[in-house]
Amino acid sequence: MQTDTGIETPLKEAVQLSAAVWAVLAERVGGAWLLRAVYHLNKSAQNELMSLMARPSIDAWLCGALSGGHSRSSAIPEGHNLVVERFLPFPSRDRHRLFWSVLMNKLLTLNAFGN
């Protein structure tokens, strides 16, 4: 994964401000999701997240968030060990990227990015 270093600080700040467990910046390119930046998500969990994002139902849900331009919230499907209960994708203003703030017990909506 190539890291977009300009986004690492806002990811860290979003985790600290929202009590999230981890955060990622994902982008859909050529029909597949790529993780552009990651904060507090180990390689094994990144692979699991990528597998989850590749599921047709999850992919459609995430694409809906992008095309609609609105944040969403969902429980993590059973059988995944991502150490969280819910995830919250926030589309960027250009609707090409998603910022995910992933929470354990609290449901907070905080968009730390102005892009």
A.B. asks: Determine which pairs satisfy salt bridge (Lys or Arg N to Asp or Glu O under 4.0 Å) with at least one residue from residues 63-76, sequence neighbours left out, and list them in order.
C.D. replies: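 Every candidate salt bridge (Lys or Arg N to Asp or Glu O under 4.0 Å) pair involving residues 63-76 fails, so no pair, neighbours aside, qualifies.
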A.B. asks: Assess whether side-chain contact (heavy atoms from CB on, under 4.5 Å) is satisfied between E27 and L66, documenting all intermediate values.
C.D. replies: CA-CA 10 Å; E27 184 172 10; L66 276 183; over 6 Å; no
A.B. asks: How close do Y39 and W22 get, heavy atom to heavy atom, and via which atoms?
C.D. replies: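 Smallest heavy-atom distance, with atoms named: O-CB, 3.2 Å.
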A.B. asks: For a quick test of your reading: what N or O donor-acceptor pairs under 3.5 Å do the side chains of residues 49-60 make, sequence neighbours left out?
C.D. replies:
from, atom 1, to, atom 2, distance (Å)
D59, OD1, R28, NE, 2.9
D59, OD1, R28, NH2, 3.1
D59, OD1, W33, NE1, 2.7
D59, OD2, R28, NH2, 2.8

A.B. asks: Quick one: do L35 and W61 end up in the same hydrophobic cluster if we chain Ile, Leu, Val, Met, Phe, Trp and Tyr together by side-chain heavy atoms under 4.5 Å apart?
C.D. replies: yes
A.B. asks: Looking at A65 and P91, what are the two nearest heavy atoms and their distance?
C.D. replies: O-CG, 3.3 Å
A.B. asks: Measuring from atom CG of N42 to atom CD of E48, what distance do you get when rounded to the nearest 0.5 angstrom?
C.D. replies: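 Spacing of CG (N42) from CD (E48) equals 9.5 Å.
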A.B. asks: Can you tell if the side chain of V24 reaches within under 4.5 Å of the side chain of L41, non-hydrogen atoms only?
C.D. replies: yes
